[in-house]
Amino acid sequence: MIKDLMLALTGLPEDNNALDNALTMADHVQAHLTVVGTVRMMIPAVGDWGVAPDAASIQLIHAEIQAMADAEAARLRERLEGESVPSEVRMIETTSFDIQRECALQARHADLVMMTADNGSRAEGAVVHALFNAILLESGRPVLVVPPNHRLRMPIKHVVVAWLPTREASRALHDAMPFLKAAESVDVLEIEPAGPDARGNHGPQSGEDVAAHLARHGIKVDVVVQPQQDDTVSNALLHHCEQSGAQLLVAGGYGHSRLREWMIGGTTRELLQLAQLPVLFSH
């Protein structure tokens, strides 16, 4: 059950649509909504002559940042006033350069985190990806990403589960249980790898085993197997979602370590950029 819903703010205009969708979700599942933004209290660098800014200058800069944060929090609280959803706004102040991690820490207390998807802009997309990476890979919570111009329609009637027998896909499947149980139809979609060795060490796809498992939970699913052919996995997934009228895609979010930074894998990144429907990711 989803009783604590968190909206992670990116600081971009698309947050307004994400907030509308979070309210729709919270109202439908009767959850408490926590809206979380992050504010970096910048520490001015030492000047060209090795002279550090004086305390008064630092205090002035912090006051200006604080005023902007307070104004944004007030705007959000005003937006939430009158809504039937119980809610709160948190603006997390930090001097750390890794402000996304601060948001991930807040996410650990939620059942589900929502945020906006990439809007196609390279610069703004980098902001979305950095926040998504931190929450997905460090919070331990599922992340529901909603496209900038999409409006949720509850209840979600048709769900597609992207299945590969990995830890991440299994986690996503079980994190999505509230949506699967409420849906009228569920497709477990397997994309057959292009080559005989493309599956790696994952073993058989086992879509039928997943169907049997979900049936014991009272969820009837259709197992769909499609060849990857010359297409990317992400395009194959999204094409099926479009053709089947899916309202939600459930997928494992994959990452690997590189120079002590977490990076999302290719299919996850492409779904974040290209999906025109909400995607629930878990890691």
Side-chain angles (χ1 to χ4, degrees), residues 2 4-16 18-19 21-22 25 31-45 58 61-62 64-66 68-70 72-73 76 87-119 121-146 148 167-168 171-172 175 251-273 278-283:
I2 300 170
D4 265 311
L5 180 65
M6 172 178 149
L7 174 66
L9 300 177
T10 63
L12 301 174
E14 288 75 20
D15 285 339
N16 292 319
L19 176 57
N21 283 302
M25 175 68 72
H32 179 277
L33 174 62
T34 303
V35 180
V36 177
T38 49
V39 181
R40 187 162 76 88
M41 305 302 287
M42 299 177 62
I43 300 176
I58 294 175
I61 292 172
H62 282 186
E64 292 175 349
I65 296 173
Q66 183 68 64
M68 288 188 291
D70 290 344
E72 176 62 8
L76 290 167
S87 62
E88 63 179 298
V89 176
R90 295 184 184 180
M91 301 300 288
I92 309 303
E93 298 176 6
T94 177
T95 56
S96 170
F97 283 93
D98 193 1
I99 60 174
Q100 294 84 10
R101 179 168 295 178
E102 298 295 329
C103 197
L105 294 177
Q106 295 292 315
R108 291 176 182 174
H109 309 295
D111 296 313
L112 176 68
V113 181
M114 293 181 65
M115 63 175 291
T116 186
D118 191 340
N119 67 358
S121 164
R122 185 172 181 178
E124 295 183 354
V127 174
V128 172
H129 285 217
L131 182 60
F132 173 77
N133 288 356
I135 296 174
L136 177 71
L137 299 169
E138 297 186 35
S139 73
R141 309 312 304 142
V143 186
L144 179 60
V145 180
V146 183
R167 181 186 68 81
E168 292 84 355
R171 179 67 180 271
D175 283 339
Y254 302 90
H256 62 274
S257 182
R258 180 183 179 186
L259 299 178
R260 297 180 65 188
E261 293 185 8
W262 284 102
M263 307 292 290
I264 53 175
T267 298
T268 306
R269 182 172 58 251
E270 289 169 2
L271 289 176
L272 185 62
Q273 293 172 329
V279 183
L280 188 148
F281 294 97
S282 291
H283 181 74

With rounding to the nearest 0.5 angstrom, report the [atom1] to [atom2] distance, [X] to [Y].
| X | Y | atom1 | atom2 | answer |
| --- | --- | --- | --- | --- |
| R90 | E102 | CZ | CD | 13.0 Å |
| I92 | Q106 | CD1 | CD | 4.0 Å |
| D175 | H283 | CG | NE2 | 12.0 Å |
| R101 | L137 | CZ | CG | 11.0 Å |
| Q100 | S139 | CD | OG | 13.5 Å |

Considering all heavy atoms, the nearest [X]-[Y] contact:
| X | Y | result |
| --- | --- | --- |
| A22 | L33 | CB-CD1, 4.0 Å |
| L19 | L7 | CA-CD2, 3.5 Å |
| S282 | P142 | OG-CB, 3.4 Å |
| G125 | N119 | N-OD1, 4.4 Å |
| R108 | E138 | NH2-O, 2.8 Å |

Whether the side chain of [X] engages the backbone of [Y] through a donor-acceptor N/O pair (distance < 3.5 Å, no angle test) should be reported.
| X | Y | answer |
| --- | --- | --- |
| T268 | G253 | no |
| R171 | F281 | no |
| R141 | A107 | no |
| D118 | L272 | no |

Contacts of E72 meeting salt bridge (charged side-chain N to carboxylate O under 4.0 Å, His left out) (sequence neighbours excluded), chain-then-number -> R75

Open item on the list: Test of understanding: with salt bridge (charged side-chain N to carboxylate O under 4.0 Å, His left out), list the residues that count as partners of D111, not counting sequence neighbours.
Closed with: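 Partners of D111 under the salt bridge (charged side-chain N to carboxylate O under 4.0 Å, His left out) test: none.
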
Could you tell me whether the side chain of [Y] reaches within less than 4.5 Å of the side chain of [X], counting heavy atoms only?
| X | Y | result |
| --- | --- | --- |
| Y254 | T267 | no |
| L144 | N21 | no |
| L280 | L112 | yes |
| L12 | V128 | yes |

